[in-house]
Each structure stands twice: as structure tokens, then as C-alpha cells.
Amino acid sequence: MKKKVLNVLFVLFFILYFFLLNYFRNMDTDMMYIFGMSSSFAEGLIPYNDFNMVITPLYISILALFLKILGNNTIIYYLVAAIVPASITFLVNKKNKYITPFFVMILSFISFPNYNLFALLLFFIILKLEYEKKNDYLIGLLLGLMFLTKVSLAFFAVIPTA
């Protein structure tokens, strides 16, 4: 029963963030930049060769995969982008239900979907695994993925886990 409630809660967070992204958030320059890079990568162009990127390619590659499979459209971008803040809110809600409304407000109105938020999701997963004393190899893999998402944030994540 508890697992079903958690699944419904994740879906509600996902719908909330998708609705906020699609209807209340204007597509600013960073969102256009990330969507353009993902779209170009989904169309077969090579990053750093055919188009310029200043970030590492993991987040762009994940978005490009979904854009290639589901269609190269901004709605698909919003759907995939809404998974990240919904996952962060879901992880925070599982740990502490009292600060969840603050995370919803922060993730809804201050942040927007980009590679920084994806790196934050990876960081929260690493913290959850560290807290539960899970497999260190999985934590190392997630740190590597975080490094491929944003190098400067990964350096700060390596320090507490070392």
C-alpha cells in the first residue's frame, strides 16, 4: 500500500512540474540552448564538431535519446525535463516530509530544467546511497556520471565521499 502511495506521489509531482514548465515558465536562453543541442544531437550532428557546447555531454545525450525515440518536439523536452525535479522532490519527500513544500517552491519558481538540476539529482541519489551504506561501486559510477554532467559540481561531490 505504501509503495502505491509513493508512486502516485511521484506522478503528482511530475504532473505539477510539467504543468509549471509548459504553461508558466517561458523558454529562456538556457532552455533553448539545451533543447537546441539535444535536438541537434538527436538529428545526428556530432557535439563539439558540428555544433558548439561548453558543457559535458551526458544530460544532452539523455535528452537527445528521448527526443530521438519520442519525437523532436519541445513538449517531449518538457516531459523529460519534468522527471528531474519530480525525482528530486520525491527523494526529499521520502527522507523528510516537512521540507517538501519548500523544495516544491524552490524547484518550481527559482530553478529551471538544465544540467545543474540533473547533477543535483545525482547528488541526492549519492547522498541517499551513502546514508543507507549501499554499494560503493554504484556511488563511484554515479560520481562519474555527475562528472560527465558538470565537472565543477562533481569535484565538490567527491570531497565528502572520499
Side-chain angles (χ1 to χ4, degrees), residues 1-18 20-21 30-31 33-35 37-42 44 46-48 53-71 76-108 110-162:
M1 180 66 180
K2 186 176 181 181
K3 191 169 187 108
K4 187 181 278 189
V5 170
L6 291 176
N7 291 339
V8 169
L9 195 59
F10 176 78
V11 170
L12 289 175
F13 286 140
F14 173 76
I15 291 170
L16 170 74
Y17 287 120
F18 175 71
L20 289 172
L21 281 172
D30 282 344
M31 290 171 70
Y33 181 65
I34 291 171
F35 174 72
M37 288 186 300
S38 303
S39 177
S40 298
F41 193 48
I46 300 168
Y48 307 112
M53 283 178 44
V54 293
I55 61 173
T56 51
L58 181 67
Y59 185 66
I60 302 302
S61 302
I62 292 170
L63 285 172
L65 178 69
F66 282 102
L67 290 176
K68 183 76 172 173
I69 293 170
L70 300 174
I76 304 301
Y77 169 71
Y78 285 140
L79 282 171
V80 175
I83 293 172
V84 175
S87 300
I88 292 172
T89 309
F90 182 72
L91 286 173
V92 168
N93 188 52
K94 281 179 70 174
K95 185 69 182 154
N96 189 345
K97 292 178 181 24
Y98 299 112
I99 62 172
T100 303
F102 299 112
F103 265 87
V104 169
M105 288 188 308
I106 289 170
L107 293 176
S108 300
I110 295 174
S111 67
F112 52 90
N114 63 9
Y115 52 92
N116 292 320
L117 206 58
F118 184 70
L120 183 67
L121 173 64
L122 291 175
F123 184 70
F124 275 125
I125 294 171
I126 290 169
L127 285 178
K128 182 180 184 310
L129 292 174
E130 279 284 331
Y131 180 75
E132 295 175 353
K133 307 276 191 234
K134 294 290 181 177
N135 190 355
D136 288 337
Y137 293 114
L138 181 60
I139 293 170
L141 176 71
L142 289 173
L143 281 171
L145 292 176
M146 194 172 178
F147 184 78
L148 289 173
T149 303
K150 185 156 184 177
V151 176
S152 59
L153 292 177
F155 283 127
F156 290 112
V158 168
I159 293 170
T161 58

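Position 1 is the first residue of the sequence; numbering continues from there.
- The distance from the CG atom of Leu145 to the CD1 atom of Ile126 is 8.5 Å, given to the nearest 0.5 Å.
- Rounded to the nearest 0.5 angstrom, Ile88 CD1 and Phe123 CZ are separated by 11.5 Å.
- Side-chain atoms of Asn116 never come within 3.5 Å of backbone atoms of Ala119 as a donor-acceptor pair (strictly under, hydrogens ignored).
- Contact of the Leu67 side chain with the Phe35 side chain is registered, since non-hydrogen atoms from C-beta on lie closer than 4.5 Å.
- Note that CG of Leu122 and NZ of Lys150 are 13.5 Å apart. Values are rounded to the nearest 0.5 Å.
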Working note: Asn114 + Tyr33, criterion side-chain contact (heavy atoms from CB on, under 4.5 Å); need CA distance, chi angles, decisive distance, verdict.
CA-CA 10 Å; Asn114 63 9; Tyr33 181 65; over 6 Å; no
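- Closest heavy-atom contact between Ala82 and Phe18: CB-N, 3.6 Å.
- The aromatic rings of Phe118 and Tyr59 sit tilted, their planes meeting at an angle between 30° and 60°.
- With values rounded to the nearest 0.5 angstrom, Phe124 atom CZ is found 15.0 Å from Tyr131 atom OH.
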May I have the step-by-step check of side-chain contact (heavy atoms from CB on, under 4.5 Å) for Ile34 and Tyr77, ending in yes or no?
CA-CA 9 Å; Ile34 291 171; Tyr77 169 71; 4.0 Å; yes
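- At least one donor-acceptor pair closer than 3.5 Å links the side chain of Ser87 to the backbone N or O of Ile83.
- Surrounding OH of Tyr48 are more than 12 heavy atoms belonging to other residues, nucleotides or ligands, all under 6.0 Å away.
- In this structure, the separation between OG on Ser40 and CD1 on Ile46 is 12.0 Å, given to the nearest 0.5 Å.
- Around the CZ atom of Phe66, the shell of radius 6.0 Å holds no more than 12 heavy atoms that belong to other residues, nucleotides or ligands.
- No side-chain heavy atom of Tyr115 sits under 4.5 Å from any side-chain heavy atom of Thr56.
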Determine, step by step, whether Ile76 and Ile69 satisfy the side-chain contact (heavy atoms from CB on, under 4.5 Å) criterion, reporting the C-alpha distance in whole Å, the side-chain angles of both residues, the deciding distance to 0.1 Å, and the verdict.
CA-CA 10 Å; Ile76 304 301; Ile69 293 170; over 6 Å; no
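- Atom-to-atom distance recorded for Leu143:CG and Thr149:OG1 is 11.0 Å, nearest 0.5 angstrom.
- When all heavy atoms of Ser38 and Ala64 are compared, the closest pair comes out as O-CB, 3.4 Å.
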